[in-house]
Number of protein chains: 2
Amino acid sequence: MASLTLEDVAKQAGVSRSTVSRVLNDRPNVRKDVRERVQNVIKSTGFRPHAAARALASQRSWTIGLVLPLSVTLFFTDPYYSHLTKGIAQACNQYNYTLALFLVGTKEDEEKIFPRVSRKGLLDGVIVQSGHHGEQQIIGHLHDAKMPLVVAGRPFRSDNVSYIDIDNINAAFIAVTHLIRLGNKRIGTIAGPQHSTVGLDRKAGYVKALNERGFSIDESLIVEGDFTESGGYYAMKKLLSAKPDAVFAASDVMALGAMRAVRESGLSIPDDVAFVGFDDLPIATLSDVQLTTIRQPVAQFGAKAVDTLIDLVENGINPPRHIIMETELVIRESCGAPHGKK
Amino acid sequence: MASLTLEDVAKQAGVSRSTVSRVLNDRPNVRKDVRERVQNVIKSTGFRPHAAARALASQRSWTIGLVLPLSVTLFFTDPYYSHLTKGIAQACNQYNYTLALFLVGTKEDEEKIFPRVSRKGLLDGVIVQSGHHGEQQIIGHLHDAKMPLVVAGRPFRSDNVSYIDIDNINAAFIAVTHLIRLGNKRIGTIAGPQHSTVGLDRKAGYVKALNERGFSIDESLIVEGDFTESGGYYAMKKLLSAKPDAVFAASDVMALGAMRAVRESGLSIPDDVAFVGFDDLPIATLSDVQLTTIRQPVAQFGAKAVDTLIDLVENGINPPRHIIMETELVIRESCGAPHGKK
DNA sequence: ACGAAAACTGGGAGCGCTCTCAACGCGAGC
DNA sequence: GCTCGCGTTGAGAGCGCTCCCAGTTTTCGT
């Protein structure tokens with residue numbers, strides 16, 4: 001298979017390389033009949049340009065990278081990542097970009113991955129999930145290399161960097177305010193890790209809601225989880241001794257774990273303890289008591305990240321784009337609001 | 001950034017392009033002191049060869065593709081895929097390969113993805129997850145394009161194709177035999193989709209175990225699920241009317257759904273209905289009643305797939321490799337065996 | 001019908017590597 | 001001391017595409 005080249009196609013169509021290239025890339029200035037003739041040859045031969053050759057000549061690889069943390073358990077237990085990945089993958093597909101996946105687990109992974117993502121000729125741009133340990137470092141790398149970059153989730157140092165996020169503070173505020181309105185007096189929270197902006201912001205929203213309604217902040221009602229199911233479970237065990245009548249969990253997965261702990265202790269949901277989660281992943285509806293939660297548009301979020309990245313690739317990385325997406329409170333059973341079908 | 005090239009490095013080190021290339025690729029026939037001199041320049045300049053240029057010249061992209069089905073819900077709900085992906089990604093990283101991810105959802109996705117994976121100059125090889133709808137077609141494509149290919153999970157037509165799998169029949173056989181030994185008389189199964197070899201094989205193992213122990217096959221005790229939690233749930237609702245005293249579910253996720261249905265109906269696990277699942281994903285231990293299940297080595301499975309693929313890339317695709325990995329019965333609470341801590 | 005402008009087409013020069021091959025020492029063997 | 005052979009090095013020719021530019025054809029106004 002002396003693999004077909006542009007040249008061969010050109011010969012068959014009786015035109016030059018350049019013309020075939022123009023047809024291939026949908027460029028103007030090709031006579032209609034010539035274009036069609038070339039297209040026919042392309043179709044009949046099944047010709048597809050050599051990706052590496054094109055990348056070398058055009059200095060565009062049509063590939064974007066996705067860097068995801070894999071902090072031991074997170075990638076497994078939190079379906080959030082699957083959903084995000086799916087949204088990004090589908091968007092890439094739509095734009096005919098290839099998606100390169102980089103899962104960063106160990107320190108050694110980092111060492112191998114970091115140089116690779118900034119390597120010339122491999123990636124046109126990169127999406128980095130914020131909130132993991134080496135975040136700062138990789139963002140710096142990428143920035144130095146002038147590699148177009150979109151961070152999914154606001155990073156710690158967000159100047160000069162494009163990111164896409166939801167308004168975590170406000171969303172959490174709404175969730176907690178909802179619990180207050182329902183008459184709960186001792187509202188606890190299972191917060192996310194406080195080394196991530198998500199964790200910080202959602203807790204800030206919780207605090208803000210309580211303050212605004214004149215509640216004082218009781219530190220014993222705040223427990224930090226790690227976004228895993230068992231993290232939620234153990235956090236709730238701790239929280240239980242503070243006797244909360246409602247809990248705002250910073251993720252659905254943690255909410256599920258927490259609800260398991262509550263059930264085990266013999267209390268009922270939502271009567272004894274009301275719950276609001278965060279994410280609205282499909283699992284939110286699978287539990288015995290369906291979860292009231294904040295819906296964030298995970299798939300669109302991914303698509304928008306790709307959109308933005310491609311924009312950066314094509315139009316330069318300045319000025320940095322900051323995009324905030326909308327969220328929504330979805331009321332189900334676990335909060336005890338009249339809406340619940342129970 | 002007039003991006004550094006091989007030529008520049010060569011000049012700085014006072015040698016030729018060729019010599020730098022040799023050093024870069026760890027090839028022999030370079031004098032020790034020269035090699036060191038070049039390595040120093042490489043290190044101090046931070047030079048990294050242009051990926052596309054290298055791919056074009058060497059006809060090797062150092063990238064492999066992973067094609068995953070995304071049949072609506074599956075990729076979300078079944079953590080199996082996350083684990084597999086993780087195993088594959090880490091193996092790629094180890095070998096300094098880049099992983100390109102292709103998530104196939106809709107028919108349109110297929111149309112965009114199928115030509116892309118067989119495209120010259122993009123991928124050195126491909127791993128395809130078996131069991132999805134367009135499986136046959138893409139395997140055919142790839143085979144015609146002589147693209148090195150490893151199928152994860154035995155495909156329907158397995159001649160001429162390398163694949164890696166576990167012995168599903170035997171594993172299911174062991175699971176069901178375990179339930180028989182525990183004294184259960186009416187053992188049902190929630191089978192996987194019968195259009196996939198996994199679904200078929202695990203059911204075959206179930207049938208084989210019953211036959212071997214002199215049980216007759218009661219069709220009302222066999223219900224087909226779709227590997228989702230809710231699929232398991234509804235399958236169990238159906239199965240309940242056949243009054244099984246034990247159930248072998250073809251996946252952990254389905255087992256979880258089924259157990260939810262059993263609990264809802266007021267029966268207890270394992271006393272009224274015993275359970276054995278399949279996969280041994282972390283979720284197996286998260287339920288109130290920990291799941292007895294078949295452990296399959298998902299991460300190693302992925303690593304082995306990458307291993308095999310690279311072997312095919314380097315040593316030719318013939319003869320096709322067929323690799324079967326070991327599984328293990330993990331006894332926990334849900335089967336009611338004395339081992340359970342309940 | 002004629003010239004200028006616009007539209008189209010082809011050739012050539014890369015893009016930054018790898019790889020073959022010829023040339024060049026240099027020590028060993030006779 | 002001379003040749004042979006081996007390890008080492010560099011030059012050159014691509015890999016298959018894009019893109020610029022110059023040349024050619026077509027179009028259009030007058």
Side-chain angles (χ1 to χ4, degrees), chain A residues 1-39 41-42 45-63 96 98 118-124 314, chain B residues 1-39 41-42 45-63 96 98 118-124 314:
Chain A
M1 186 177 76
S3 131
L4 216 56
T5 73
L6 243 198
E7 196 84 49
D8 302 327
V9 174
K11 212 162 289 171
Q12 277 195 46
V15 294
S16 78
R17 226 172 43 232
S18 311
T19 301
V20 179
S21 173
R22 275 187 277 263
V23 173
L24 221 45
N25 296 294
D26 274 320
R27 253 181 262 288
N29 300 337
V30 178
R31 230 191 317 141
K32 199 169 174 203
D33 58 318
V34 174
R35 186 181 294 269
E36 279 165 6
R37 184 149 41 96
V38 173
Q39 276 167 340
V41 176
I42 291 176
T45 55
F47 170 75
R48 328 219 28 264
H50 190 286
R54 169 184 287 212
L56 177 58
S58 66
Q59 301 290 36
R60 292 272 256 106
S61 66
W62 298 92
T63 299
N96 280 313
T98 299
S118 58
R119 182 165 182 183
K120 293 161 296 173
L122 184 58
L123 266 25
D124 284 344
E314 287 174 356
Chain B
M1 184 176 82
S3 131
L4 215 57
T5 73
L6 242 198
E7 196 85 49
D8 302 326
V9 174
K11 213 162 289 173
Q12 277 195 46
V15 296
S16 76
R17 229 174 34 235
S18 312
T19 301
V20 180
S21 172
R22 275 188 276 261
V23 172
L24 221 44
N25 297 295
D26 274 321
R27 254 180 262 288
N29 300 339
V30 177
R31 231 190 319 140
K32 201 173 173 199
D33 58 318
V34 175
R35 184 182 297 268
E36 278 166 7
R37 184 149 39 95
V38 173
Q39 276 166 341
V41 176
I42 291 176
T45 55
F47 170 75
R48 323 216 34 261
H50 190 287
R54 168 184 285 208
L56 176 58
S58 66
Q59 302 290 36
R60 293 272 257 105
S61 65
W62 297 93
T63 300
N96 279 312
T98 299
S118 56
R119 184 165 181 183
K120 292 162 297 172
L122 184 59
L123 267 25
D124 284 346
E314 288 174 353

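Labels below follow one simple rule: chain letters A, B, ... track the order of the sequence lines, proteins then strands, and each chain is numbered from 1. Predicted, not measured: the structure shown is a model, and the values here were computed from it.
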Worksheet item: Can you tell me how far C1' of C/dT18 sits from CZ of B/Arg60, to the nearest Å?
Response: 13 Å
Practice prompt. Measure from CD on B/Gln59 to P on C/dT18 and round the result to the nearest Å.
Written response: 13 Å
Worksheet, complete the sentence: When rounded to whole Å, the CG to P distance for the pair A/Asn29 and D/dT24 reads 18 Å
Fill in: Phosphate contact (C/dT18 OP1 or OP2) by B/Ser21 side-chain N/O below 4.0 Å
yes
Worksheet item: Can a side chain N or O of B/Thr5 be found less than 4.0 Å away from OP1 or OP2 on C/dG16?
Response: no
Worksheet item: For the pair made of CG in A/Leu6 and C1' in D/dG14, what is the distance, rounded to whole Å?
Response: 16 Å
Worksheet item: So, is A/Ser58 near the phosphate of D/dC17, with a side-chain N or O under 4.0 Å from OP1 or OP2?
Response: no
Worksheet item: If you round to the nearest 0.5 Å, how far is CG of B/Asp124 from CD of B/Glu314?
Response: 9.0 Å
Worksheet item: Over how many whole Å does the gap from B/Trp62 atom CH2 to C/dG16 atom P extend?
Response: 21 Å
Worksheet item: Nearest 0.5 Å, what's the CZ-CZ distance between A/Arg27 and A/Arg35?
Response: 10.5 Å
Discussion item. Let's test your reading of the model: under 3.5 Å, does the base of C/dG25 pair with the side chain of B/Arg31 as donor and acceptor?
Written reply: no
Practice prompt. Measure from the side-chain heavy atoms of A/Arg17 and tell me the nearest of D/dC17, C/dG16, C/dT18.
Written response: D/dC17
Worksheet entry | B/Phe47 CZ to C/dC17 C1', straight-line distance once rounded to whole Å | 8 Å
Worksheet item: Of B/Asp33 and A/Pro49, whose nearest nucleotide on DNA chain D comes first from the 5' end?
Response: B/Asp33
Fill in: Among D/dG16, C/dT9, C/dG16, the nucleotide that comes nearest once only the side chain of A/Arg22 is considered
C/dT9
Discussion item. Once rounded to the nearest 0.5 Å, what's the spacing between atom CG of B/Asp8 and atom OG1 of B/Thr45?
Written reply: 9.0 Å
Fill in: Heavy-atom side-chain proximity of B/Val23 to B/Val20 below 4.5 angstrom
no
Worksheet item: In whole Å, what is the span from the CZ atom of B/Arg27 to the P atom of C/dT20?
Response: 9 Å
Discussion item. Just so I know, are the side chains of A/Thr19 and A/Val30 near enough to count as touching, which here means a heavy-atom distance under 4.5 Å?
Written reply: yes
Worksheet item: Do any side-chain nitrogens or oxygens of B/Ser18 fall under 4.0 Å of OP1 or OP2 in D/dG10?
Response: no
Item to complete: Return the value, rounded to whole Å, for the distance between atom CG of A/Leu4 and atom C1' of D/dC17.
Response: 13 Å
